[in-house]
J.: 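If you scroll down you'll find the structure; I have some questions about it.
These numbers come from the heavy atoms of this one structure, side chains and all, not from hydrogens, waters or symmetry mates. As the structure is a prediction and not an experimental result, all values here were calculated from the model. For ligands, and for the atoms within them, numbers begin at 1 and follow the listed sequence.
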Amino acid sequence: MSTPAPARAGTAEIAVRLRGIGKRFPGVIANDDINIDVRRGTIHAIVGENGAGKSTLMKILYGVQPPDSGTIEINGEQVALSSPADAIKHGVGMVFQHFMLADNLTVLENVVLGAEKLHGIGGAARDEIRRLSDAYGLDIEPDELVEDLGVGQRQRVEILKVLYRGARVIILDEPTAVLVPQEVDELFGNLRGLKSEGFSIIFISHKLDEVLAVADEITVIRRGTTVSTVQPTDVTSRQLAELMVGSELPSPSTEASTVTDEVLISVQDLTLTNADGRRLLTDISFDIHRGEVLGIAGVEGNGQEELVESLMGMRHGARGTIRLRGDDLTSMSTRDRRQAGVGYIPADRHRHGLLLESPLWENRVLGHQFRAPSVKHGMIDKTAARADTERIITEYDVRTPGPDVLAASLSGGNQQKLIVGREMSSEPILLIASHPTRGVDVGAQAAIWDHIKRARREGLAVLLISADLEELIGLSDRIEVILRGRLVGTFDPGAVTPEQLGSAMTGAEAQA
Ligand SMILES: Nc1ncnc2c1ncn2[C@@H]1O[C@H](COP(=O)(O)OP(=O)(O)OP(=O)(O)O)[C@@H](O)[C@H]1O
Ligand SMILES: [Mg+2]
């Protein structure tokens, strides 16, 4: 199906025009005849399933990779972009989902890095940062250390970095996945401010309600092709999802309780201090029962990662005890903990979840080198591992040519589905799921929710950490809020709203 010319607007109003963009990778057509007009001074959302080709397209527009076919026009002029520097020269900037800031540098240093020619590295640069921050309500202080900033602030620094370099078109690839509701509202306020100043925003998200709330136009990409461009007033989120996937979608609702009184994991007084004496975790204690999902809510960076890594034995030096059924895990290695029955879906799939330069079947074996079906007589059984990878690909709907492709070639959401499939395959007693649906599309999200519900029904204990509060509320039997390394409140998911949780997470008083 070819795309109807979306613009009623005249050419002069078009900031970015993409025509017939195509991009192939071995065995995959990532983009196939993409046509989009982004009007100046609008927020243009792009939605589509995992692997639909959104990030590929944005990398083409940001000069990271060339298209195989098609043309890019910026302000009516056809351009060839062979690097991000080229794209920036033409006024196109991009904020990636994984922030690229150096923690130990100040905001000023981060912003000027690589752009010293513009305003130097001193007073003039500081003035320019203040000016941009004031003009667009970014609330950024140039001399603060990045490590002292929260997630929302870091993201605003990334936006400021792009503005500082003179971008007029700003691409944001899944910017809201890491934000709490209040921060999402702030971001949208910033984006609306920018658009009213004539900036054009391209916004990718899997959260369709957000897309409908903030976008002026929405382009749907299905399997590499633009299927339509719609106005948010003309569609519901369900219709949008149907345009993306073409099928009905379930929602995350808690099923009848399966919680028993058998404690599977018991954590007592877990306390962790870093090398320079700073407390990362303080007296964390909780039990999770057979058939229970314990949700942890918190703003990123409040100890979630340290908690999970301490439970997994990836971080040492924690005081306190961790018992899994009868076993004392406290001084076990990560490998022994996995053997004892801990499954782990890591938050950062690039750092902990996958070997990107290895094929999928080797990634199937990763962390499970010591058990069937991947091993036989102490040797890696490639045939069995490949076959089991095929099973995961089918069961978890991983969109890929097959088990021999490199993990790096999968789209973000498909990498996540592979990890979930692998971790569920080892039949754990405790499943630690850290942001299990981050970056996955609505269909895959529903599938992963089903897998977590099934785990609960089958009597696992699940520790769920998620920035998606709807997900936490929908799946958890109990929610604990973590703030500055302490558990500061217990909530009943049946009775709490996302706004109340958001307030507890930021330490603000709950609003009436
Ligand atoms: N460097 C690469 N090598 C091989 N295949 C790739 C490469 N980059 C992307 N692909 C493939 O291209 C397709 C589109 O991927 P892309 O990352 O653009 O999807 P996406 O729409 O951003 O998905 P998600 O919502 O999961 O982030 C996928 O099938 C992916 O596996
Ligand atoms: Mg993507």
Side-chain angles (χ1 to χ4, degrees), residues 18 21-34 36 44-70 94-99 171-178 202-208 210-211 218-227 240-241 243-245 249 345 347-350 353-360 363 389 392-393 396-421 435-448 468:
L18 302 171
I21 301 285
K23 179 78 186 174
R24 286 167 185 271
F25 296 107
V28 179
I29 301 174
N31 283 176
D32 184 16
D33 194 22
I34 297 265
I36 299 179
H44 195 116
I46 297 184
V47 301
E49 283 186 287
N50 291 132
K54 305 176 296 293
S55 296
T56 299
L57 182 67
M58 292 305 116
K59 286 184 202 152
I60 289 172
L61 179 57
Y62 190 52
V64 176
Q65 56 195 12
D68 298 334
S69 56
M94 179 155 174
V95 174
F96 289 89
Q97 191 184 6
H98 291 261
F99 299 154
I171 303 168
L172 296 135
D173 195 349
E174 298 189 45
T176 61
V178 292
I202 303 178
F203 169 71
I204 296 177
S205 175
H206 287 295
K207 299 184 181 169
L208 301 181
E210 288 179 3
V211 166
I218 306 164
T219 295
V220 181
I221 299 185
R222 192 194 302 153
R223 295 179 191 249
T225 305
T226 33
V227 291
L240 210 48
L243 280 172
M244 284 166 50
V245 301
L249 300 149
I345 302 169
D348 187 338
R349 50 190 172 242
H350 292 169
L354 293 172
L355 294 174
L356 292 175
E357 297 308 321
S358 299
L360 301 189
N363 276 284
T389 308
I392 292 173
I393 288 171
Y396 290 79
D397 191 25
V398 181
R399 303 280 169 85
T400 175
D404 297 315
V405 309
L406 300 185
S409 74
L410 294 192
S411 79
N414 283 299
Q415 291 175 349
Q416 188 68 357
K417 291 191 263 181
L418 180 77
I419 293 174
V420 174
H435 305 286
T437 64
R438 177 175 285 172
V440 308
D441 66 47
V442 280
Q445 185 179 43
I448 291 173
D468 181 338

J.: Residue by residue, ordered by chain and number, which ones reach under 4.0 Å of ligand 1 with a heavy atom?
T.: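 Close residues (ligand 1, cut-off 4.0 Å): F25, V28, A30, E49, N50, G51, A52, G53, K54, S55, T56, E174, H206, S409, L410, S411, G412, G413.
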J.: Can you check whether V220 reaches T226 side chain to side chain, under 4.5 Å on heavy atoms?
T.: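 A side-chain contact under 4.5 Å is absent here.
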J.: Between atom CZ of F203 and atom OG1 of T176, what is the distance when rounded to the nearest 0.5 Å?
T.: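 F203 atom CZ to T176 atom OG1 measures 5.0 Å (nearest 0.5 Å).
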J.: Indicate yes or no: at least one non-hydrogen side-chain atom of H206 is less than 4.5 angstrom from one of V440.
T.: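 No, side chains not in contact.
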J.: In terms of side-chain geometry, is the basic nitrogen of E174 or K207 positioned less than 4.0 Å from the acidic oxygen of its partner?
T.: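 A salt bridge is absent here (no side-chain N lies under 4.0 Å from a carboxylate O).
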J.: Using the side chain to side chain contact (heavy atoms under 4.5 Å, CB included) definition, which of the options I202, I204, T219 pairs with K54?
T.: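 In the set I202, I204, T219, the residue that makes a side chain to side chain contact (heavy atoms under 4.5 Å, CB included) with K54 is I204.
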J.: Under a 4.5 Å cut-off applied to non-hydrogen side-chain atoms, are I36 and L57 in contact?
T.: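 The answer is yes; the side chains approach within 4.5 Å.
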J.: Side chain to side chain contact (heavy atoms under 4.5 Å, CB included) for Q416 and I419? Distances and angles first, verdict last.
T.: CA-CA 5 Å; Q416 188 68 357; I419 293 174; 4.3 Å; yes
J.: Take L360 and I393 through the test side chain to side chain contact (heavy atoms under 4.5 Å, CB included) and record every step on the way to the result.
T.: CA-CA 10 Å; L360 301 189; I393 288 171; 4.3 Å; yes
J.: Take the Mg ion (ligand 2) and tell me which protein N, O or S atoms are nearer than 2.8 Å.
T.: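 Sorted hits: S55 OG.
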J.: Between D468 (side chain only) and A177 (backbone N and O only), is there a donor and an acceptor less than 3.5 Å apart?
T.: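 A pair under 3.5 Å: no.
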